[in-house]
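Inspection log for the structure reproduced underneath, given as structure tokens.
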Amino acid sequence: MIERFLPVASTYAGDIDFVFDLIFWTVGFWFLLAQGVFFWLLVRFRKRDGVRAQYVTGELKSEKRFITIPHALVLVCDVFIVFFAIRVWYDVKQHLPEAQQTVRVVAQQWAWSFVQPGPDGRLDTADDIKTVDELHVQVGTTYHFQLVSRDVVHSFSVPVFRLKQDVIPGRVITGWFEPTRTGTFDIQCAEICGIGHGYMPGRIVIETAEQHAAWMASHSNREIAAASGPAAGGR
Ligand code: CUA
């Protein structure tokens, strides 16, 4: 349902949407049913001349059924939702598939910088490709990201991936994604991180292999391309 408003652009976006849909329909069904019964009871047992209201304490076994049976049904639905939620959580957050590419994402007040390996395929060497507020990735490739913050807590959010991960100062948080379609999409900061929080948008450009190779080449040809060895400063 969400995919009608927001494209699906990662391998696990559909799984996340499935959990959203599951919760929406399960909760929606019970909400409508409960409200329906509620309003029906309001009308059915409304004030009538000559009919005295009954004082119901809910202590009789026949009355308790109206609490215990819906309660048990709600618990069954909870278990159902939690089961699927844990399965998806494991696939997205706990399980890290083999990386084909690695990108370092650096958050700071108030910009995103991205560091990708140059032609040597390794981070922290002189041919690293650094960009600000624009991340270029290749479709169909499994990426590991390393999230670091230079100052406060930020949150790396790529809505079309259904990815959102806090960035914690002093920690390197690793996760993954695999883009499934080409295009240019939003990157957002999803954690209030200061006065400029709203001015912290980025773009992710998902390219075909050819486009990405051309982009890499255009950046690798810059001044430092010939140099090699560890870069000063690390990030
Ligand atoms: Cu960074 Cu909000």
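Note that ligands are numbered from 1 as they come in the structure, with each ligand's atoms numbered from 1 the same way. Residues: numbered from 1 along the sequence shown.
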### Task
Flag yes if Trp112 and Trp215 sit in one hydrophobic cluster, no otherwise; membership is Ile, Leu, Val, Met, Phe, Trp, Tyr, and two members link when side-chain heavy atoms are under 4.5 Å apart.
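No.
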### Task
Determine, using the 4.5 Å side-chain heavy-atom cutoff (strictly less than), whether Trp110 and Phe114 are members of one ILVMFWY cluster.
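Cluster IDs for Trp110 and Phe114 match.
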### Query
Number of protein N/O/S atoms less than 2.8 Å from atom 1 (Cu) of ligand 1?
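Every protein N, O or S atom under 2.8 Å from atom 1 (Cu) of ligand 1 counted, the figure is 4.
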#### Entry: Residues Asp124, Arg104: salt bridge by 4.0 Å N-O rule
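Result for this pair is yes, salt bridge flagged.
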### Message
Does Ile195 have more than 12 heavy atoms from other residues, nucleotides or ligands lying within 6.0 Å of its CD1?
### Response
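Not buried by this count: 12 neighbours or fewer within 6.0 Å.
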### Task
Let me know which of Asp127, Ile129, Leu123, Thr125 forms a side-chain contact (heavy atoms from CB on, under 4.5 Å) with Pro117.
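Option passing the side-chain contact (heavy atoms from CB on, under 4.5 Å) with Pro117: Leu123.
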#### Entry: Qualifying residue for ring-ring contact (aromatic ring centres under 6.0 Å, His included) with Tyr12, from Phe18, Phe177, Trp176
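The residue from Phe18, Phe177, Trp176 that satisfies ring-ring contact (aromatic ring centres under 6.0 Å, His included) with Tyr12 turns out to be Trp176.
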